[in-house]
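Below you'll find the structure, written out as structure tokens, and then a few comments.
Throughout, a chain's letter reflects where its sequence line sits, starting with A, and its residues are numbered from 1.
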Protein chains: 2
Amino acid sequence: MLELIELFFFAYRNFVSDPDEILQGIGFGRAHHRVLHFVNRHPGMRVTDLLEILRITKQSLGRVLRELVDQGFIDSRAGKSDRRQRLLYLTPKGEALARQFVAIQSRRIARALSECGPDSRELCRRFLVAMIDTEDRGSVEKLIARADQIAADPSRARKA
Amino acid sequence: MLELIELFFFAYRNFVSDPDEILQGIGFGRAHHRVLHFVNRHPGMRVTDLLEILRITKQSLGRVLRELVDQGFIDSRAGKSDRRQRLLYLTPKGEALARQFVAIQSRRIARALSECGPDSRELCRRFLVAMIDTEDRGSVEKLIARADQIAADPSRARKA
DNA sequence: CATTTATGTCAGCCATGTTGACTTTTTTCG
DNA sequence: CGAAAAAAGTCAACATGGCTGACATAAATG
């Protein structure tokens, strides 16, 4: 059991070190990456959505989000049905960056999966799901499913 | 692929949230946990060993290690064959705390494995190993093997 | 219209990681 | 033997990113 504890630690450390290289080049940090990632996956999401997904305070988010907006990676627009809201979209610049992150993260996972064999993907997925708190699994899986739907049919994203 | 990226993020977040509860109660942080964990696994390890495993600077380590020593969780002794070195051991107080961490982390993993079925442990192990940089795998596996040996035969730990 | 909600801002603090520089003691090796 | 190297430690400053509390504005709600 201790072995898996340690392997999880080392694996995750390497997993996040890949995007770090990109982040360092642009003067951003991991918090920026996370924000960019989820806005990429959920165009038109609200600030509140991000707070819920990332489980950070609005002050923490505000700092990072402001930099991403100021530097042209994210576009923040008032909602149509509720003008208090700020709906978040990636700019083309932001999308290009997000693609870079996805690519570099996917590479590591793809390589790991290919080493483990053709049927390992599903078991790994199940393991990671099982590592998530029971009460959160539904919302995480729903979040992922919804993002996949949007990727398949972009008209499903929230409009502004 | 994006699914696994996100699942890994959420899984790890939950994984480290368990020890956080303990840490918060004693006014320590994750860096303390990591130090305690590896000293537990490698009694008699040197400061340099910790720096290498954790890949942090001696200044970072020094701060946390000092607190653990000052508060009686870790015992630091000069080496016999090289008096420059500081060999690190857990005190009984430190061991008790380390046991708590191991227990709470093991619980989550054990539950996840039991959900995935009897043969999933080996595949999960392989996946996590495969997620580690190729050039680090040897040393990580050796580190784990060595710790397991010490756990099986404590006389193999470094003496001070 | 009073209250609530969504977002944003100000401020201060904390944990932990980094860099650079310097110090002391001990070990190494020519 | 002594210069150089090594192990550890310390001081200082800074960065990132998370937190708390308080406050403000605009918009929505009942």
Starting from P on C:dC14, measure out to CD1 on B:I26 and report it in whole angstrom.
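Between P of C:dC14 and CD1 of B:I26: 18 Å.
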
Separation of atom CZ in B:F28 from atom P in C:dA15, rounded to whole Å
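Going from CZ in B:F28 over to P in C:dA15 covers 11 Å.
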
What does the B/S/- profile of nucleotides 20-30 of chain D look like, 5' to 3', with a 4.0 Å heavy-atom cutoff to protein?
BBB----BS--

May I ask you to evaluate whether [X] reaches the phosphate of [N], defined as a side-chain N or O under 4.0 Å from OP1 or OP2?
| X | N | answer |
| --- | --- | --- |
| A:R34 | D:dT16 | no |
| A:R66 | C:dT9 | yes |
| B:H32 | C:dT16 | yes |

When you measure from the centre of the six-membered ring of A:Y89, is the NZ or CZ of A:R77 under 6.0 Å away and within 45° of the axis?
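Positive - A:R77 is close enough to the ring of A:Y89 and near enough to its axis.
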
Can the ring centroids of A:H37 and A:F101 be said to lie less than 6.0 angstrom from one another?
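Not close enough - the centres of the two rings lie 6.0 Å or further apart.
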
I want to know whether B:F8 and A:F8 have ring centres closer than 6.0 Å.
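Yes, close enough.
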
Any salt bridge linking B:R13 with A:D136? Criterion: basic side-chain nitrogen under 4.0 Å from a carboxylate oxygen.
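A salt bridge is absent here (no side-chain N lies under 4.0 Å from a carboxylate O).
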
Below 4.0 angstrom, N of the basic side chain to O of the carboxylate: do A:R125 and A:E141 qualify?
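Looking at A:E141 together with A:R125, the answer is yes, because their closest N to O distance falls below 4.0 Å.
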
For A:R63 and A:S76, find the nucleotide of DNA chain C closest to each by heavy atoms; which residue's nucleotide sits nearer the 5' end?
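Of the two residues, A:S76 wins.
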
Would you mind reporting whether B:Y12 and A:F15 have side-chain heavy atoms less than 4.5 Å apart?
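Not touching, per the 4.5 Å side-chain cut-off.
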
Pick base, sugar-phosphate or nothing for A:G29, based on heavy-atom distances below 4.0 Å to the nucleic acid.
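Result for A:G29 = sugar-phosphate.
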
